[in-house]
Amino acid sequence: MRCPSPNFGPRRDGLQPSLIVLHYTAMPDPDEALARLCAPEHEVSAHYLLHRDGRVFLLVEEEMRAWHAGAGMWRGQGDINSRSIGIEIDNDGASPFSEPQLAQLERLLPIVMKRCSIPPESVIGHSDMAPDRKTDPGRRFPWLRLSRQGLGVWPEIKDTAPDDAAFLRRAASFGYPTETGVATVLDAMRQRFRPWARGSLDARDMGIITNLATRFPVDAPAPSA
């Protein structure tokens with residue numbers, strides 16, 4: 001259903017969506033979250049909001065630039081708002097995601113991905129592109145479930161000797177901004193691929209980022225026709 005937000009503008013420099021960024025609202029009340037995304041004084045929006053009861057709200061038309069990502073980078077590119085479709089998921093950040101909203105996400109993602117020619121490796125979390133300031137969609141978000149449907153990626157893990165410098169190089173090759181250092185990037189990666197791990201960089205972390213960088217490098221050649 002439509003619930004237009006005034007918080008949008010044109011995409012800049014002729015950019016078209018090449019990413020999908022997933023968020024949680026971080027608010028306990030879904031109606032308050034919807035009101036905030038549609039309130040001009042807050043200057044925040046997304047293209048879609050998925051309510052915990054399964055309703056899907058279209059807030060900003062896909063051809064427009066919604067204000068959902070803020071400062072950050074992915075694969076060396078900034079202005080993520082101009083490059084992406086933003087999907088807010090009604091969740092307080094600590095609770096499990098509801099089955100109705102996940103089912104709707106699994107219906108919506110293939111449509112947007114096909115319409116915008118967005119591959120699975122370009123479905124990312126807010127925490128991926130802004131690891132120093134964001135944690136959504138959070139440690140409870142079921143990335144593995146999405147990857148099994150081709151709606152995201154998941155590593156094939158082989159433990160590898162940890163090395164901080166190599167970790168940052170490979171994290172950058174996969175897409176992470178790495179200027180904030182190992183601890184920040186490691187936490188962002190773990191939120192998505194190893195959510196309950198703690199401590200310093202280990203062989204499992206190194207295996208994850210090595211596999212992701214090998215399979216989905218930033219400078220991968222375009223597939224042949």
Side-chain angles (χ1 to χ4, degrees), residues 1-5 8-25 37 45-69 72-91 97-129 136-137 141-156 174-176 192-193 211-225:
M1 61 184 69
R2 293 178 181 271
C3 186
S5 172
F8 68 90
R11 295 185 183 275
R12 297 170 178 166
D13 301 322
L15 292 170
Q16 297 298 314
S18 58
L19 297 169
I20 297 173
V21 182
L22 303 181
H23 307 258
Y24 58 45
T25 58
L37 290 164
S45 62
H47 294 91
Y48 297 95
L49 169 66
L50 305 187
H51 193 286
R52 69 189 66 175
D53 65 11
R55 285 180 289 167
V56 179
F57 294 91
L58 174 62
L59 310 181
V60 175
E61 298 291 342
E62 288 181 10
E63 63 266 24
M64 304 306 291
R65 181 180 183 272
W67 303 343
H68 62 96
M73 298 184 72
W74 186 250
R75 299 199 153 203
Q77 297 179 320
D79 192 5
I80 300 299
N81 283 337
S82 287
R83 303 176 188 277
S84 65
I85 300 293
I87 301 177
E88 286 277 1
I89 306 171
D90 165 33
N91 186 275
F97 291 82
S98 76
E99 184 57 35
Q101 67 188 173
L102 291 176
Q104 289 287 24
L105 180 63
E106 290 164 350
R107 294 185 185 100
L108 178 62
L109 278 176
I111 295 170
V112 177
M113 291 167 72
K114 182 177 181 179
R115 183 157 53 224
C116 300
S117 300
I118 295 174
E121 61 268 28
S122 294
V123 179
I124 65 172
H126 203 184
S127 55
D128 291 321
M129 47 121 330
D136 51 319
F141 186 74
W143 285 105
L144 177 57
R145 171 172 164 167
L146 290 188
S147 72
R148 286 171 172 162
Q149 301 174 68
L151 305 176
V153 298
W154 196 259
E156 300 164 2
F174 178 55
Y176 285 105
R192 181 168 172 183
F193 299 110
N211 182 261
L212 293 170
T214 300
R215 292 167 59 210
F216 309 108
V218 169
D219 297 322
S224 58

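S5 places none of its side-chain heavy atoms less than 4.5 Å from the side chain of L37. Between F193 and W143 the shortest side-chain heavy-atom distance does not fall below 4.5 Å. You'll find the side chain of D136 stays beyond 4.5 Å of the side chain of N91, heavy atoms only. The closest side-chain heavy-atom distance from Y48 to H68 is not below 4.5 Å. Side-chain contact between C116 and E62 is present, with heavy atoms from C-beta onward closer than 4.5 Å. Between F141 and L105 there is a side-chain heavy-atom pair separated by less than 4.5 Å.
For the side chain to side chain contact (heavy atoms under 4.5 Å, CB included) test, no residue two or more places apart in sequence or in another chain qualifies with Q16. Not a single side-chain hydrogen bond (donor to acceptor under 3.5 Å, both in side chains) links E156 to another residue, sequence neighbours left out. Applying the side-chain hydrogen bond (donor to acceptor under 3.5 Å, both in side chains) rule to S127 yields no partners; only residues at least two apart in sequence or on another chain are considered. Under the side-chain hydrogen bond (donor to acceptor under 3.5 Å, both in side chains) criterion, N81 pairs with no residue at all, not counting sequence neighbours. Residues satisfying the side chain to side chain contact (heavy atoms under 4.5 Å, CB included) test with P120, not counting sequence neighbours, are M113, V153.
Just one of L19, L22, L151 meets the side-chain contact (heavy atoms from CB on, under 4.5 Å) condition when paired with V123; it is L22.
With no hydrogens or angles considered, a side-chain donor-acceptor pair links R65 and S82 at under 3.5 Å.
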Side-chain donor-acceptor distances from residues 52-61 under 3.5 Å, at least two apart:
unit_1: R52; atom_1: NE; unit_2: D90; atom_2: OD2; d: 2.6
unit_1: R52; atom_1: NH2; unit_2: P28; atom_2: O; d: 2.9
unit_1: R52; atom_1: NH2; unit_2: D90; atom_2: OD1; d: 2.9
unit_1: D53; atom_1: OD1; unit_2: H51; atom_2: ND1; d: 2.9
unit_1: D53; atom_1: OD1; unit_2: R55; atom_2: N; d: 3.0
unit_1: D53; atom_1: OD1; unit_2: R55; atom_2: NE; d: 3.3
unit_1: D53; atom_1: OD2; unit_2: H51; atom_2: ND1; d: 3.4
unit_1: D53; atom_1: OD2; unit_2: R55; atom_2: NE; d: 2.9
unit_1: D53; atom_1: OD2; unit_2: R55; atom_2: NH2; d: 3.1
unit_1: R55; atom_1: NH2; unit_2: H51; atom_2: NE2; d: 3.2
unit_1: E61; atom_1: OE2; unit_2: R2; atom_2: NH1; d: 2.3

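Taking CG of L144 as the start and CD of Q149 as the end, the distance is 10.5 Å to the nearest 0.5 Å. Here CZ of R107 is found 11.0 Å from CG of L102. Values are rounded to the nearest 0.5 Å. The distance from atom CE of M73 to atom OH of Y176, rounded to the nearest 0.5 Å, is 15.5 Å. To the nearest 0.5 Å, atom CD1 of residue I87 and atom CD of residue Q104 are 11.5 Å apart. Between atom OG of residue S84 and atom CD1 of residue I124 there is a gap of 7.5 Å, rounded to the nearest 0.5 Å. Atoms CZ and CG, on R192 and D128 in that order, are 4.5 Å from each other to the nearest 0.5 Å.
Under a 4.0 Å N-O distance rule, the pair E121/R215 does not qualify as a salt bridge.
The shortest heavy-atom contact between S117 and P119 is O-CD, 3.7 Å. The two residues P142 and F97 come nearest to each other via the heavy atoms CD-CD1, 4.3 Å. Across every non-hydrogen atom of W154 and S147, the tightest pair is CB-OG, 3.4 Å. In terms of heavy-atom proximity, G125 sits nearest to P137 at CA-CD, 3.6 Å.
For R11 (side chain) and M64 (main-chain N/O), a donor-acceptor pair under 3.5 Å exists by modelled atom type. Side chain of H126 to backbone of A69: a donor-acceptor contact under 3.5 angstrom is found. Side-chain atoms of S45 do not come within 3.5 Å of backbone N or O of F8 as any donor-acceptor pair. In this structure, the side chain of S122 does not engage the main chain of I118 through any donor-acceptor pair within 3.5 Å.
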